[in-house]
2 protein chains.
Amino acid sequence: MPERNMTTPPTMEDVALAAGVSHQTVSRVLNNHPHVSERTKKSVIAAIDKLGYRRNASARSLATRSSRIIGAVIVELGQYGPSNTLLGLQQAALEDDYIVNVVGLTSPGSTAVRESLDHLLGHPLDGIIVVAPVDSALDTLKDLKLPVPLVIIASGSTQEPNTVSVDQSLGARLAVRHLIKEGHETIAHLSGPPDWIDARQRRDGWARELAALQSAPGQLLEGDWSSESGYQRGLEIDVSSTSAIFVANDQMALGLMRALHERGLNVPGDISVVGFDDQPESSYFYPPLTTVRQDFHGLGRLSLDLLVSKIEGQEFTGSTLVAPALVIRDSTGPRPQK
Amino acid sequence: MPERNMTTPPTMEDVALAAGVSHQTVSRVLNNHPHVSERTKKSVIAAIDKLGYRRNASARSLATRSSRIIGAVIVELGQYGPSNTLLGLQQAALEDDYIVNVVGLTSPGSTAVRESLDHLLGHPLDGIIVVAPVDSALDTLKDLKLPVPLVIIASGSTQEPNTVSVDQSLGARLAVRHLIKEGHETIAHLSGPPDWIDARQRRDGWARELAALQSAPGQLLEGDWSSESGYQRGLEIDVSSTSAIFVANDQMALGLMRALHERGLNVPGDISVVGFDDQPESSYFYPPLTTVRQDFHGLGRLSLDLLVSKIEGQEFTGSTLVAPALVIRDSTGPRPQK
DNA sequence: ATCAAGATTGTGAGCGCTAACAATGATTTC
DNA sequence: GAAATCATTGTTAGCGCTCACAATCTTGAT
């Protein structure tokens, strides 16, 4: 006959009883405290195994005032970049023995961010990471008083405190520089929505690099990140004066290239295309896409490292700006001679 | 001068003091209990606002034995399908006032699953959802005694209890049926790794539908889900006897089509291709890909609904099998006349 | 043998909340 | 006007853990 009521999981007291020690000794074993004799440690562990005991995390968290849970608000969680940022963040968290509570947002607006923070804060958390890709979200966060440390993943090159980001502007400049080197003179840009910080950063990088290289700015088109919008712009774009296009992400580049094909244009024979992101599929586009690789995984890790250092009250040394890299494939080539 | 030590957040007692009531009355207000007068309710709320009070989730969870947190183990979190499953799951969770604790796995093996469950169980959880795409993971879960309800997302058409899935076999049959209808006679299949349950289900669906339609089975090739492997198989495949290929996912189909292009073959002029998944990019592939759409989002929601009904001890009525749908685009066409 | 120092264990309180019960006051009913 | 009823509030006891402290038991040096 069972010694205890089995409707509820065993407690530390049950283990103590089974091992013939006090609950505190069980706690010491579990927390690897010094000054516990081998003999009692063994018997405690045996009792734990026998009862299938696990510490009650809520009780622990109440007593220690720490849950080892961090919250993450991820915009566009279903997309390649965000999901891989989350993955990197989560893996780094596991290494530090934290676990990640995630809220995905489909709209990046201010209210949505505020609401998800509210949801998150209804649960035990040691810190929060928020992806703030648009201005309104970023502004919301700036004047928000949170009871736990916060790290922002903002896609800018600004060195704000508590913020990590990929250097979008640098990525754009790398892309433009490459095209110039290939002899292109008029380089168009298909940008993302201008309220997205990274869209602006890429556009500005494009414009600035052109200016720096004494090259006249090309056409500026605007999409909404989707392949569909890339396709539409691809149907519209005036190719008479343009020999290269820098596109703000790979998905739009895909749509754009399909439109160009349909117009009977050859990439890169007639027109060169550079993307941004480097999704795994991009190297199998037709043609394989020259693009700017963002290390989303690394960005996620970085955000977590920064957050953990804040939680644990340490100084964070290290850059909070991740450098992207140009990946040259077959969608770019020398400027065609007309 | 402050009335209380500000190093620690205000407690229910602090609010009670400020509102001139007992802590229990504060609790009543917070939990919407009946029999609280409007007057005191107002003053309590005022005190809450003034102090910026939030309930301590750990204490609450300890007292109620419920955290309203559910754990999710997601394999290949960085991919389109899994990340959208997570998104659906998470959104449904929010509606039921749960929050999702996620662990992403890059390898789907048995040990990895066991380890992540262990991590998860070190935290307060009301239930767990696990993606078990390979046999070893599924087997591990079957004989595992967990302290909380479990729902498995397994990619089979098996009607196991506590399991939700997309009907992979049906999807494959839809694809094959379409190709047959277009007049194709020898239909090859590029499958995923055979230890993945959905890879096998798709392969079996392909074989069975061919058999059902009295058609001879075509070549069977094997990839690893990656575009690269699709590309390689595309370079190798014998096209003399094959006019259509059913590919087990869109990424491989992308690689395959690029290889076919490089071999000077036209899709669908010379050869038809059907994919599986329907990623957003697929309709902008060159050519737009005919494929089988899986409702990952819906799958995630379903898994959560099932889990919540188990947590709350209700009967779950409703199917646990999600039907996929064929999306016809331009990569398939009538069998070419030789 | 004796005592201090260290190792090992136990005791009590408290983390902040909810649940059960008790107590009070207001209102109704005969 | 007394008893019964109901609405409203307070009191007490946990939930299962960790922390600070106290108690005991070893040692080895004197």
Side-chain angles (χ1 to χ4, degrees), chain A residues 4-5 7-45 47-48 51-69 121-126 147-148, chain B residues 4-5 7-45 47-48 51-69 121-126 147-148:
Chain A
R4 45 179 305 285
N5 182 355
T7 59
T8 157
T11 73
M12 198 171 263
E13 196 59 51
D14 297 324
V15 174
L17 214 67
V21 295
S22 77
H23 66 130
Q24 175 58 11
T25 298
V26 177
S27 171
R28 286 196 183 94
V29 171
L30 251 18
N31 293 315
N32 273 317
H33 275 215
H35 309 319
V36 181
S37 76
E38 278 308 312
R39 237 169 48 84
T40 62
K41 189 180 284 188
K42 281 225 159 50
S43 79
V44 166
I45 289 175
I48 288 175
L51 297 180
Y53 169 75
R54 297 195 88 108
R55 269 184 296 197
N56 179 310
S58 298
R60 200 165 136 69
S61 152
L62 178 59
T64 59
R65 300 163 172 284
S66 151
S67 61
R68 299 204 83 81
I69 299 178
L121 288 172
H123 298 265
L125 290 181
D126 289 354
V148 293
Chain B
R4 47 177 303 284
N5 182 354
T7 60
T8 157
T11 73
M12 197 171 264
E13 195 60 50
D14 297 324
V15 174
L17 213 66
V21 296
S22 76
H23 66 129
Q24 176 59 8
T25 298
V26 178
S27 172
R28 286 198 184 92
V29 172
L30 252 15
N31 293 317
N32 274 318
H33 276 215
H35 308 318
V36 181
S37 76
E38 278 308 313
R39 238 170 48 85
T40 63
K41 189 180 284 188
K42 281 227 161 49
S43 80
V44 165
I45 290 175
I48 287 175
L51 298 180
Y53 169 75
R54 297 196 91 106
R55 269 185 295 197
N56 179 309
S58 298
R60 203 165 133 70
S61 154
L62 178 59
T64 59
R65 300 163 171 285
S66 151
S67 62
R68 299 203 84 80
I69 300 178
L121 289 172
H123 298 265
L125 290 180
D126 289 355
V148 293

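Proteins get letters first, then strands, A, B, ... in listed order; numbering begins at 1 in each.
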Student: Atom CD in A:Q24, atom CG in A:N31: separation rounded to 0.5 Å?
Tutor: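 With rounding to 0.5 Å, CD (A:Q24) is 8.5 Å from CG (A:N31).
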Student: Would you say B:S27 reaches C:dT18's phosphate, i.e. side-chain N/O to OP1/OP2 under 4.0 Å?
Tutor: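 Yes.
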Student: What does nucleotides 8-16 of chain D look like as a protein-contact string, B for base, S for sugar-phosphate only, - for none, at under 4.0 angstrom between heavy atoms?
Tutor: BBBBB--BB
Student: Could you check if a side-chain atom of A:I69 sits within less than 4.5 angstrom of a side-chain atom of A:H123, using non-hydrogen atoms only?
Tutor: no
Student: Working to the nearest 0.5 Å, report the span between CG of A:L30 and CD1 of A:I45.
Tutor: 9.0 Å
Student: How long is the line joining NE2 of A:H123 and C1' of C:dC17, in whole Å?
Tutor: 16 Å
Student: How many whole angstroms separate atom CG of B:N31 from atom P of C:dG16?
Tutor: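 In whole Å, C:dG16 P lies 18 Å from B:N31 CG.
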Student: Please examine the side chains of B:T11 and B:N56, heavy atoms only from C-beta on, and report whether any two atoms are closer than 4.5 Å.
Tutor: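 They are not in contact (no side-chain heavy atoms under 4.5 Å apart), so the answer is no.
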Student: Please report the distance, rounded to the nearest Å, between CZ in B:R39 and P in C:dA26.
Tutor: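 Going from B:R39 (CZ) to C:dA26 (P), I get 12 Å.
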Student: Between OG of B:S43 and CD of B:E38, what distance do you get to the nearest 0.5 Å?
Tutor: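 The distance works out to 11.0 Å.
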Student: Pick out which of B:R68, B:M12, B:R55 makes a side-chain contact (heavy atoms from CB on, under 4.5 Å) with B:R60.
Tutor: B:R55
